[in-house]
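For reference, the structure is listed below as structure tokens.
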Amino acid sequence: MNTDEKTIFARPEGMTDIVTHYCPGCTHGIIHRLAAEAIDSLGIRENTVGVAPVGCSVLAYNYFNCDFLESPHGRAPAIATGFKRLRPDMIVFTYQGDGDLISIGMSEIMHAANRGEKLTAIFVNNAIYGMTGGQMAPTTLQGQITSTCPSGRDLNETGHPIRMTELLSGLVTPMYLERVSVHSPKHIIQAKKAIRKAFQYQIDNKGFSLVEVLSTCPTNWGQTPNESTDWLEGNMIPYYPLGCFKDSFADEDK
Amino acid sequence: MAKILMKGNEAIAEAAIKAGGNNYFCYPITPQTEVAEYLAKRMPEVGGVFLQGESELAVANMIFGAAATGKRVFTTSSSPGISLMQEAISYMAGAELPCVIVNIMRGGPGLGGILPAQSDYFQSVKGGGHGDYRLLVLAPSTVQEAVDLMMLSFHLADKYSNPVMMIGDGMIGQMMEPVEFPDVYEEPELPEKTWAITGAKGRKPRVVRSLFLDPNKLENNSWHLYDKYELMKKNEVRFEKYKVNDKNEILIVSYGTMARICQTAIDEIEKEGVSIGLFRPISLFPFPQDDIFTEASKKNIKNVLVIEMSTGQMIEDVERAVVGKKKVTFFGRTGGIVPSPEEVIKKIKEMVSKKSKTKKKA
Amino acid sequence: MLTDSRSQKWELPQIEKPINIIVGGYGSGKSEVSVNLARYLALDKTFVNRPISILDLDIVNPYFRSREASVELEKLGIGSINPEGAEFYADLPIILPQIRGAIETAEGTVICDVGGDDVGARVLSSLAGSFHAATYDMVLVLNLSRPFTSNVAGCLKTISEIEFSSRLKFSGIISNTHLMDDTNEEIVLSGIALSKEVSKQTGLKLWFVSAEQKILNIIESAYIDIPVLPLNRSLLKPWE
Ligand SMILES: Cc1ncc(C[n+]2csc(CCOP(=O)(O)OP(=O)(O)O)c2C)c(N)n1
Ligand code: SF4
């Protein structure tokens with residue numbers, strides 16, 4: 001686990017004390033904590049249900065101290081829709097990787113967002129398929145080497161990496177869309193704010209919100225934890241700019 | 001309640017509401033779209049949930065999420081749509097979530113056609129998606145039976161915490177028949193849904209899942225499911241016999257509306273002195289294997305004739321039931337062609353005359 | 001036999017306009033009524049507005065449509081315009097260009113069979129420019145045994161919904177209350193009573209009552225004081 005993280009956080013009530021299975025330096029763990037902290041601080045743990053993806057975070061339900069559903073690969077937004085429509089009084093969030101959300105689950109996320117489902121999506125973009133061992137994802141950067149693009153991603157063959165948050169911001173219905181990162185304490189604080197806000201919007205019944213979190217995969221990137229935070233900052237952020245892409249209630253907020 | 005006239009699809013929708021299944025997700029496909037159209041009007045009246053999803057893939061997953069609340073949920077579709085739902089159906093079987101899925105079958109494979117067929121038998125009774133699982137499968141032959149079985153489906157889904165599938169060929173959905181609904185659907189008491197996701201208030205968090213990374217646990221889960229299916233085999237076999245008696249030369253096995261065509265044929269040929277009995281499975285899983293064996297083993301039965309609107313699917317289960325004791329013959333039409341009573345009679349006559357010929361030789 | 005119906009004890013329907021649009025929801029029996037009306041007119045030697053044709057404008061029902069009787073009707077000289085070949089069976093809402101032509105020229109007597117409540121009646125709206133007020137009658141087939149038309153309020157709602165979606169006005173109703181094989185005298189008579197009430201409240205003319213010949217045979221003729229169209233069912237289920 002990242003040392004930075006330890007100094008910043010104590011274990012939130014929203015998390016169990018089970019040690020996560022994530023690789024050393026993997027930022028999935030930080031993102032879990034941010035979500036759990038938001039749930040704690042908003043006092044919604046007993047009324048919240050998470051939807052776990054298929055991906056490295058498939059076991060997320062072991063670490064969160066709230067009810068959980070485990071979804072087929074990419075379908076978390078449909079699962080969450082079905083649940084939320086029957087229980088509009090509960091808080092529902094999905095936690096999805098980039099393969100899960102953009103590749104196999106593109107249709108489900110687009111339509112859930114467009115229907116304005118009152119959901120919170122936490123979208124972890126690590127530019128690769130972690131769980132299956134480092135294959136190309138729709139977010140893999142140009143020239144980035146993965147096991148299924150061993151000479152680097154060729155844009156002529158595979159198109160450009162998808163900027164999902166920008167894509168979603170082309171829809172009218174979503175209420176809040178922001179991209180954040182967790183590669184430094186400063187960014188973690190920003191990410192925490194964004195995730196909290198995304199939950200708050202659901203509590204206020206405002207509509208669909210999604211926070212894209214840039215994340216590392218030292219194992220499949222073949223880098224040390226420190227190298228990978230540097231790589232994220234130097235390569236991902238230029239292509240995936242941080243910031244808020246849509247906030248329909250921005251004025252109210254101020 | 002007085003009898004009213006309803007299209008099968010509408011009756012199925014209304015029956016679901018009667019049974020408290022007022023949470024419905026759908027995607028349009030002929031010949032079952034009337035269910036969606038009917039419920040788009042009805043659900044707001046009863047305060048239920050109605051949502052048209054973006055695909056059957058999504059719809060089935062919405063059903064998964066909705067079922068996890070512990071409330072009664074259902075969807076309806078037709079063959080190609082049911083294929084797309086198999087992912088979530090497998091997940092629901094694995095996670096032991098109750099739900100009801102209706103397949104108003106049309107001709108396949110592929111886009112096939114829109115006319116009635118029974119060619120999704122294998123898909124329905126042998127699992128359908130990946131993994132070691134079964135659905136409880138019911139097959140009505142009249143609109144009234146569709147109403148009764150639809151209500152029963154919700155009960156059985158809860159009783160066994162398992163998806164239940166009701167299948168009917170397109171005619172069941174499209175035809176008009178008089179039906180009667182009970183004022184209230186009465187059912188035996190069910191166990192509490194201690195797995196329902198309701199928020200971890202004053203209790204430990206609950207997880208609804210089908211993932212078991214430890215092979216021992218996965219195996220345990222599979223055997224646990226197996227035990228459940230064995231229990232279904234013990235308790236839930238349903239069938240109907242028509243003119244089955246010790247004068248029958250042939251035992252026809254047929255289900256759904258096809259069985260009604262067989263009944264007409266049996267009545268006709270009876271006038272010519274040929275006695276035929278009909279065995280109609282109502283539960284396709286569990287399959288009435290032992291009862292078919294008993295009937296087929298009777299001395300007077302020379303031949304078992306399986307009639308389906310397919311190229312022959314249920315026949316495999318009938319053969320398994322008869323275990324070689326009697327010859328099992330098949331007759332079927334498929335692709336949306338519905339066999340007429342005359343065709344069935346012709347087939348029966350062929351079999352009867354063949355037999356008398358062999359007799360003569362001997 | 002149908003020809004017998006002329007010698008029946010009942011008064012028979014009179015058809016006046018060249019275009020007769022028969023509208024009804026699922027289970028109203030409007031296809032059976034359309035087919036029987038066409039056949040009745042064809043067999044009626046005194047009926048002069050010929051030729052007689054039937055247009056299947058049902059875009060909502062995939063099975064049990066009037067087009068399934070087209071071969072039988074053709075033998076009686078009744079024309080029809082149906083998609084050819086495989087498209088005959090399609091669930092595409094196919095409205096052939098010739099249909100617009102047939103409505104515009106309105107030669108002889110045309111019976112249009114329109115399916116499925118307001119949703120199905122939308123098809124008329126797409127043809128709206130082709131209908132001229134003077135040349136058409138639009139009539140609603142009512143079946144009291146159907147959930148949405150089981151009382152006067154339901155019928156009035158159905159009428160206004162269909163008029164809205166079709167952009168055409170009704171001029172009459174047909175009482176076709178039945179419960180398939182469970183139909184009895186009481187059902188037919190209570191249907192007539194309902195239709196009369198709807199007729200009174202809307203000013204729409206009650207054209208006739210239709211019922212299967214075998215039911216009519218058992219009804220006392222004094223009980224029915226409106227024209228009658230005896231039905232001989234053509235759109236049967238395979239086991240019937
Ligand atoms: C239908 C289906 N296809 C493929 C897989 C295999 N699979 C599991 S996770 C995964 C990709 C996960 O990548 P991502 O969503 O980026 O999450 P990460 O592991 O990187 O956190 C794939 C392809 C699967 N489980 N189900
Ligand atoms: S493989 Fe990558 S994403 Fe998965 S746990 Fe390891 S570092 Fe994290």
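All chains are named by letter (A, B, ...) in the order of the sequence lines, taking the proteins before the strands, and each is independently numbered beginning at 1.
- Within a 6.0 Å sphere centred on CD of B:Glu45, heavy atoms belonging to other residues, nucleotides or ligands number more than 12.
- Within the 4.5 angstrom heavy-atom criterion, only side-chain atoms of B:Leu51, from C-beta onward, approach chain A.
- No salt bridge links B:Lys204 with A:Asp67; every basic N to acidic carboxylate O contact stays at or beyond 4.0 Å.
- Formation of a donor-acceptor pair under 3.5 Å by the B:Lys201 side chain with backbone atoms of A:Asn47 is not found in this model.
- The candidate with the highest count of non-hydrogen atom pairs below 4.5 Å against chain B, out of A:Gly82, A:Ala52, A:Cys66, is A:Gly82.
- A pairwise comparison of heavy atoms in B:Ala68 and A:Leu69 identifies CB-CD2, 3.4 Å as the closest pair.
- Remark: side-chain polar atoms of A:Asn65 are not paired, donor with acceptor, to backbone N or O of B:Pro205 under 3.5 angstrom.
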Legend entry - Worked check of side chain to side chain contact (heavy atoms under 4.5 Å, CB included) between B:Phe25 and A:Arg85: CA-CA 10 Å; B:Phe25 298 81; A:Arg85 289 273 172 153; 4.3 Å; yes

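- For B:Lys228, the NZ atom is densely surrounded, since the number of other residues' heavy atoms within 6.0 Å is greater than 12.
- With a 4.5 Å cut-off on non-hydrogen atoms, A:Leu59 touches chain B through its side chain but not through its backbone.
- Within the 3.5 Å criterion, the main-chain N or O of A:Ile79 finds no donor-acceptor partner in the side chain of B:Asn61.
- Taking B:Ala66, B:Ala67, B:Ala58, B:Gly48 one by one and counting their heavy-atom pairs under 4.5 Å with chain A, the maximum is reached by B:Ala66.
- With respect to chain B, the highest number of heavy-atom pairs below 4.5 Å among A:Val54, A:Thr48, A:Thr81 belongs to A:Thr81.
- Interface residue A:Ser71: only backbone heavy atoms are found under 4.5 Å from chain B.
- Residue B:Val59: no heavy atom, backbone or side chain, is found under 4.5 Å from chain A.
- Proximity of B:Glu87 to A:Arg75: side-chain heavy atoms (C-beta onward) are separated by under 4.5 Å at one or more points.
- For B:Lys41, the NZ atom counts as densely surrounded, since its 6.0 Å shell holds more than 12 non-hydrogen atoms of other residues, nucleotides or ligands.
- Note that CG of B:Leu211 and OH of A:Tyr61 are 4.0 Å apart. Values are rounded to the nearest 0.5 Å.
- When every heavy atom of A:Phe68 is checked against every heavy atom of B:Ile197, the shortest pair comes out as O-CD1, 3.7 Å.
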Legend entry - CA sep, side-chain torsions, deciding dist, call: A:Arg87, B:Lys71, side chain to side chain contact (heavy atoms under 4.5 Å, CB included): CA-CA 10 Å; A:Arg87 290 298 305 266; B:Lys71 301 186 191 185; 4.1 Å; yes

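- Atom OH of B:Tyr226 has 12 or fewer neighbouring heavy atoms from other residues, nucleotides or ligands inside a 6.0 Å radius.
- Of the listed residues (A:His73, A:Arg115, A:Met110, A:Lys84), the one with the most heavy-atom contacts under 4.5 Å to chain B is A:Arg115.
- At distances below 3.5 Å, at least one donor-acceptor pair connects side-chain atoms of A:Glu70 with backbone N or O atoms of B:Ser210.
- For B:Val207, the parts lying near chain A are the backbone and the side chain together; criterion is any non-hydrogen pair under 4.5 Å.
- In this structure, A:Glu108 CD and B:Leu57 CG are separated by 5.0 Å, a value rounded to the nearest 0.5 Å.
- Within a 6.0 Å sphere centred on CG of A:Asp40, other residues, nucleotides and ligands contribute more than 12 heavy atoms.
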